[in-house]
Amino acid sequence: MIPFEPDYRGAAVMPSPNHSERADGRAPDMILLHYTGMPTAESALSWLCRAESQVSSHYFVHEDGRVLQLVAESRRAWHAGKSFWAGQTDINSSSIGIEIANPGHPGGLPEFPDVQIEAVIELCRDCGQRWSIAPERVLAHSDVAPIRKVDPGERFPWGKLHSAGVGHWVEPAPIGSGRFFQRGDRGQPIEALQSMLSFYGYGTEISGEFCSKTEGDVAAFQRHFRPERVDGIADVSTIDTLHRLLSSLPRFA
């Protein structure tokens with residue numbers, strides 16, 4: 001494996017062989033956050049650096065805040081898999097992938113240490129400034145691959161990142177009573193919900209039927225933006241939070 005100079009000054013280099021050219025000479029315009037989902041950071045890092053795994057990321061953030069760079073930012077790391085966001089399907093060619101050491105749901109989804117989150121914030125700030133990445137394009141793996149992926153999970157502190165200048169966020173609307181939509185419902189309100197999810201970037205089909213795919217997209221949205229309850233049911237809290245996020249985007253403001 002050929003060493004390279006780190007793009008982020010706070011990173012040490014540990015090259016992975018798993019990378020390729022970015023399609024059509026694309027520059028990254030998205031940051032995608034993952035958890036490793038393996039019992040130890042060492043086992044996850046070893047897997048990302050083995051040719052037979054066919055997976056990698058640009059960066060790896062240890063629990064103690066140490067940052068490693070596995071793939072040069074000019075190259076296409078293999079971290080997103082089959083995914084979609086805002087009309088794009090080759091997310092690997094458009095993104096910088098950051099793996100955050102955490103056992104994830106298989107390990108009980110432990111809290112992310114403060115020192116680790118501070119390191120993630122500084123890394124995202126640096127990448128975002130260098131590549132002029134819009135806040136709303138700092139995303140979860142679960143956003144671009146709903147149902148298939150659930151990382152970095154509902155305990156990831158997106159609000160803390162936003163307070164530090166990273167990502168897009170509004171305070172989630174409180175959960176309460178009122179009308180809600182769920183799988184099997186049909187009609188114009190479902191079409192409106194699907195349209196809002198699609199406008200934000202999710203690959204939601206606008207059919208007017210609350211199908212399993214819509215349910216998965218709603219759950220992915222909740223996992224990122226309304227994590228108190230992740231159930232795939234579009235209640236008043238979920239819809240209000242989504243509406244306020246859309247309203248705060250420059251293209252809708």
Side-chain angles (χ1 to χ4, degrees), residues 31-37 61 63 85 98 100-118 120-121 124 135-185 189-190 192-204 210-249 252:
I31 296 172
L32 203 62
L33 302 183
H34 310 251
Y35 65 43
T36 53
V61 183
E63 292 97 334
W85 191 258
I98 300 174
I100 304 164
N102 185 291
H105 291 84
L109 195 58
E111 298 288 345
F112 295 83
D114 289 343
V115 66
Q116 185 182 41
I117 293 302
E118 291 302 324
V120 171
I121 287 170
C124 287
E136 64 271 18
R137 290 180 71 83
V138 180
L139 297 165
H141 196 189
S142 54
D143 289 319
V144 303
I147 303 174
R148 188 174 69 84
K149 293 293 181 181
V150 294
D151 58 307
E154 55 272 19
R155 288 189 180 172
F156 188 76
W158 291 102
K160 185 172 183 179
L161 266 69
H162 181 257
S163 296
V166 175
H168 189 214
W169 179 260
V170 297
E171 194 62 30
I175 295 173
S177 59
R179 191 178 184 187
F180 60 87
F181 304 105
Q182 60 187 350
R183 194 194 296 199
D185 289 341
I190 307 306
L193 168 66
Q194 292 169 331
S195 296
M196 287 196 294
L197 288 165
S198 177
F199 283 147
Y200 197 76
Y202 293 91
T204 312
F210 202 118
C211 58
S212 60
K213 176 65 168 61
T214 299
E215 181 181 68
D217 292 345
V218 169
F221 174 83
Q222 292 170 332
R223 188 165 278 111
H224 185 157
F225 295 107
R226 207 289 304 274
E228 184 179 348
R229 183 188 296 166
V230 181
D231 57 9
I233 295 173
D235 59 357
V236 173
S237 167
T238 301
I239 295 170
D240 179 71
T241 304
L242 174 56
H243 183 266
R244 287 185 293 114
L245 278 164
L246 282 168
S247 298
S248 67
L249 288 174
F252 291 106

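Closest approach of Phe112 to Pro157, counting heavy atoms only: CD1-CD, 4.3 Å. In terms of heavy atoms, Gly216 sits closest to Ile147 at CA-CG1, 3.6 Å. Taking every heavy atom of both residues into account, Arg179 and Val236 meet most closely at O-CG2, 3.4 Å. Heavy atoms only, all atoms of each residue included: Gln116 and Ala101 are closest at NE2-O, 2.9 Å. Pairing each heavy atom of Gly104 with each of Pro110, the nearest pair is O-CD, 4.1 Å. Heavy-atom minimum distance, Val138 versus Trp158: O-CZ3, 3.9 Å.
Although no hydrogens or angles enter the test, the distance criterion places a donor-acceptor pair under 3.5 Å between the side chain of Ser247 and the main chain of His243. Under the 3.5 Å distance criterion, the side-chain polar atoms of Ser142 are left unmatched by any main-chain donor or acceptor of Ala220.
With a 4.5 Å cut-off on side-chain heavy atoms, Glu111 and Arg155 count as touching. Between Pro106 and Tyr35, the closest side-chain pair of non-hydrogen atoms falls below 4.5 Å. Proximity of Ser248 to Val170: side-chain heavy atoms (C-beta onward) are separated by under 4.5 Å at one or more points. Between Thr214 and Phe181, every side-chain heavy-atom pair lies at or beyond the 4.5 Å cut-off. Side-chain atoms of Leu193 and Phe210, non-hydrogen and from C-beta on, do get closer than 4.5 Å to each other. Contact of the Asn102 side chain with the Leu109 side chain is registered, since non-hydrogen atoms from C-beta on lie closer than 4.5 Å. Using a 4.5 Å heavy-atom threshold, the side chains of Phe156 and Leu161 count as touching. A 4.5 Å side-chain heavy-atom check between Met196 and Ile239 finds at least one atom pair inside the cut-off.
Judged as a side-chain hydrogen bond (donor to acceptor under 3.5 Å, both in side chains), and not counting sequence neighbours, the contacts of Arg226 are Asp235, Ser237, Thr238. In this view, Arg148 satisfies the salt bridge (charged side-chain N to carboxylate O under 4.0 Å, His left out) rule with no residue, not counting sequence neighbours.
Between atom CD of residue Glu228 and atom CD1 of residue Ile175 there is a gap of 4.0 Å, rounded to the nearest 0.5 Å. A distance of 12.0 Å separates CZ in Arg244 from CZ in Phe225, rounded to the nearest 0.5 Å. Between atom CD of residue Gln194 and atom OG1 of residue Thr204 there is a gap of 7.0 Å, rounded to the nearest 0.5 Å. Taken to the nearest 0.5 Å, the CD1 atom of Ile190 stands 13.0 Å off from the CZ atom of Arg183. Between the CG atom in Leu33 and the NE2 atom in His141 there is a gap of 11.0 Å [rounded to 0.5 Å]. Rounding to the nearest 0.5 Å gives a distance of 6.5 Å between CG of Leu242 and CG of Leu245.
Checking His162 against Glu171 by side-chain atom types alone, no donor-acceptor pair falls below 3.5 Å.
Heavy atoms from other residues, nucleotides or ligands lying under 6.0 Å from CG of Asp231 number more than 12.
Using bins of under 30°, 30° to 60° and over 60° for the plane-to-plane angle, the ring pair Tyr200/His168 lands in the parallel bin.
Of the listed residues (Arg223, Lys149, His224), just one forms a side chain to side chain donor-acceptor pair (under 3.5 Å) with Asp143, and that residue is His224.
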